[in-house]
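Residue numbers run from 1 in the order of the sequence given. Atoms within each ligand, like the ligands themselves, are counted from 1 in listed order.
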Amino acid sequence: MRSSIGGPRVMLRRLRETMAEPVTAQERLDRIVVLVAANMVAEVCSVYVMRGDSSLELFATEGLNREAVHKTTMTVGQGLVGVIAREAQALNLPDAQSHPAFAYFPETGEEIYQSFLGVPILRGGQTLGVIVVQNMAPRTYSEEEVEALQTIAIVLAEMIASGELQTLARPGTELALQRPQQLMGRSFADGIALGHVVMHEPRVRVTQLIAEDSSAELERLDAALESLKSSVDTLMQHPAIRDGGGDHVDVLESYRMFARDRGWARRIREAINTGLTAEAAVERVQNDSRAQLIRQTDPYVRERLHDLDDLANRLLRELVGWSGHAGSGQLPQSAIVVARNMGPAELLDYDRANLRGLVLEEGSPTAHVIIVARALGIPCVGQVDGVLDLVRTGDAIIVDGGAAEVHVRPASDVENSYVDKVRMRAKRQERYQELRDVPTRTKDGVDLTLMMNAGLGVDLPHVEETGAAGIGLFRTELQFMLATRFPRIGEQEAFYRTVLESAGDKPVVFRALDIGGDKILPYLRQDEEPNPALGWRAIRIALDRPALLKAQMRALLRAASGRKLSVMFPMVTEVAEFDAARAIVEEETERLRKFGRKLPTSIDLGVMVEVPALIWQIDELASKADFLSIGSNDLFQFVYAVDRENARMAQRFDQLSVPMLRIIKTVNEAAESNGIPLSLCGELASHPLTAMALAAAGLRTISMAAAAVGPVKAMLLSLDLEKASAFLEEALDNPPKDLRKAMIGFARDNQVDLDI
Ligand code: PEP
Ligand code: MG
């Protein structure tokens, strides 16, 4: 049996020289195949590169007919090379022709070769190509030879990923990581952004692949592993994580597991011993692990793969001495941040002047980072499967938040159509600006009040910019969610005062702390609940832990001294809960009075109608509460028994439905007959079509996302409300099959401006 000449180390040394030579990409590839064939004493060495999604092309060969280069192609799954590409796994065959997948390509002249070793060229879990060696005589390639070929594959992966080989591709055929991709996700925040990719956790690009001194590389690895271990340990000891429990701990536990996994470190060491730098060795081991784990369908295992990816990336960053994430550095212009997931505080670290959009591989539409993204006006698409593997820093990218589409490296026609779309939207924005000070009056003369929802400091300028009549829902819990501990009373008071001052004479409705369910405070100990949405949350927590509510009420009363204060309570289920909350506010007011503090000029206390049981208590409530506000997001969740967090259920039922509108109408009539003001502040108010239905159902005050104020006002100005009310009345009496369609039809027939 033949054996390699000089072994892998010699081959790598030669390879390093080849990589440094100033030759064309084709010449470099040609030299690599000659070098590999000679070193492995193989008659053939060939490189196949993926183009498009489904085919491979012969890019270089030593031993096969050179005429076939850039001519022979095969689909993924076809022939041995196609199988390697599909399975992302090496094939080592002493008798290749007896393999069921063997396919014969006459132009290559490969029929005389019996033994075959092929390994995939992988990067970030994606197959970019295949490298093959062949011999006439039957032979089994040694473990060492397989390793050596895998190392060469890493070098080739970098050549492909860097775009160096794109120049060799036939015109019109894009290589992997170069071609345009259209990815679908879920719409998390509306808007369109064109820009360039910034990886939230940048992948380290390994440029130095071959080591000059392996023992120095081993030392570098040991030092990096040590500092990785201690940084994970420090993270685990962080009080927010240590006491917070839940997902954080799970993820970090698996980090710790891998960071301490001797097998992982051993495999990296072995790869260094083949002549790679520490960085290239980490990349190589990561590629292998990915190839093994990626075929697993078990979501738990796939989740651990993500963890392992993150950890490998952390280790690489330790090796090259990077720290922090992209938000802590200088952000290029028109940056679109791509991340697996992130927390709200991390998003706020980015320079708002250059941040244009956000793409998440995971995430959920009601996660706080998304609430922050919306507040910042940043379009966001989430749950974009595989996006981290498909993009690189600097790639052109378009985020279409409304359509839930992401275009990576878009073709020029796609880009042009988006440039037009953006222009159109900008024109509409100008129109909304012109409407800012126009009273919100329907065509037939009915006045409505459009308020906006807020929760962060960044929301506040929008009151002025949009011309909203005030803040109809201020989500106070966001300040708590961004903090690492309970904000002190003084901090709360200062923040509330800023909110009131920025609203000027306009009213602000503060919502008392609405935590629990999906809104987690990492520093508040909460037991795991089987159905958190139905569990210990909002006013239920507030009444069980009155110190929290007292502190917040004291802060609000102080902040609003000398002006009006409006506070509403979320998730009230029984009138008695409201009585108890009112008693706390009165107690706090009394306390401040005793201390001689200046009190608010009036204190209005309201109730959010979110729990269906309240619908049958409106009359009793109306005699006690000063106002009501329908929280349509939660109300829909409970009326339809659909978890608002569950992506699978998100499209199943429509909020614009006969039952929802009947309920809203009933509540409105009850509020009217009791003479108590009513508004609605859930998502239903944030779209012109659904807002039209709310107005038709009788609501005269609604509160919505800041960006919706202009479009909803434009709709109302074009609406004959009497006609719309009659149309809805008829639809509720004789329900159409699809209320949404019927309402769109009404709008179209009556030239209502729906912004679609
Ligand atoms: C609602 O439930 O409709 C609401 C406005 O509150 P949140 O979305 O914050 O639960
Ligand atoms: Mg709610």
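- The side-chain heavy atoms of R497 and L500, taken from C-beta on, include no pair separated by under 4.5 Å.
- Atoms of ligand 1 found under 4.0 Å from any heavy atom of R644, numbered from 1 in the order shown, are 2 (O), 7 (P), 8 (O), 10 (O).
- Using a 4.0 Å cut-off between a side-chain N of Lys or Arg and a carboxylate O of Asp or Glu, D654 and K741 do not qualify as a salt bridge.
- Where the criterion is an N or O separation shorter than 3.5 Å, residue side chain and backbone included, R537 fails it with respect to ligand 1.
- By the criterion of a heavy-atom distance under 4.0 Å, neither the backbone nor the side chain of Q637 is placed next to ligand 1.
- For D505, the CG atom counts as loosely surrounded, since its 6.0 Å shell holds 12 or fewer non-hydrogen atoms of other residues, nucleotides or ligands.
- At least one side-chain heavy atom of V752 sits under 4.5 Å from a side-chain heavy atom of M715.
- The Mg ion (ligand 2) is closest to atom OE2 of E610 (considering only N, O or S atoms).
- Using a 4.0 Å cut-off between charged side-chain N and carboxylate O, K665 and E669 make a salt bridge.
- Remark: of the listed residues T701, L694, L716, V712, L716 is the sole one forming a side chain to side chain contact (heavy atoms under 4.5 Å, CB included) with L448.
- The nearest heavy-atom contact from the protein to atom 3 (O) of ligand 1 is N633 N, 2.7 Å.
- Closest to atom 6 (O) of ligand 1, if we only count protein heavy atoms, is R511 NH1, 2.9 Å.
- Between the side chains of T573 and R540, a donor-acceptor pair is found at a separation under 3.5 Å.
- Shortest distance from the Mg ion (ligand 2) to D634 is reached at OD2 (N/O/S atoms only).
- The D634 neighbourhood of ligand 1 comprises atoms 1 (C), 2 (O), 3 (O), 10 (O), with distances under 4.0 Å to a heavy atom of that residue.
- Those atoms of ligand 1 that come under 4.0 Å of a heavy atom in L473, given as number and element, are 5 (C).
- Checked by distance only, ligand 1 and E683 stay at 3.5 Å or farther apart across all their nitrogen or oxygen atoms.
- Taking every non-hydrogen atom of C681 and a distance limit under 4.0 Å, the qualifying atoms of ligand 1 come out as 5 (C).
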ask   = Which is it for E465 and R436 under the salt bridge (charged side-chain N to carboxylate O under 4.0 Å, His left out) test, yes or no, and what are the steps along the way?
value = CA-CA 8 Å; E465 285 159 23; R436 206 186 70 131; over 6 Å; no
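- The shortest N or O to N or O distance between E610 and ligand 1 is under 3.5 Å.
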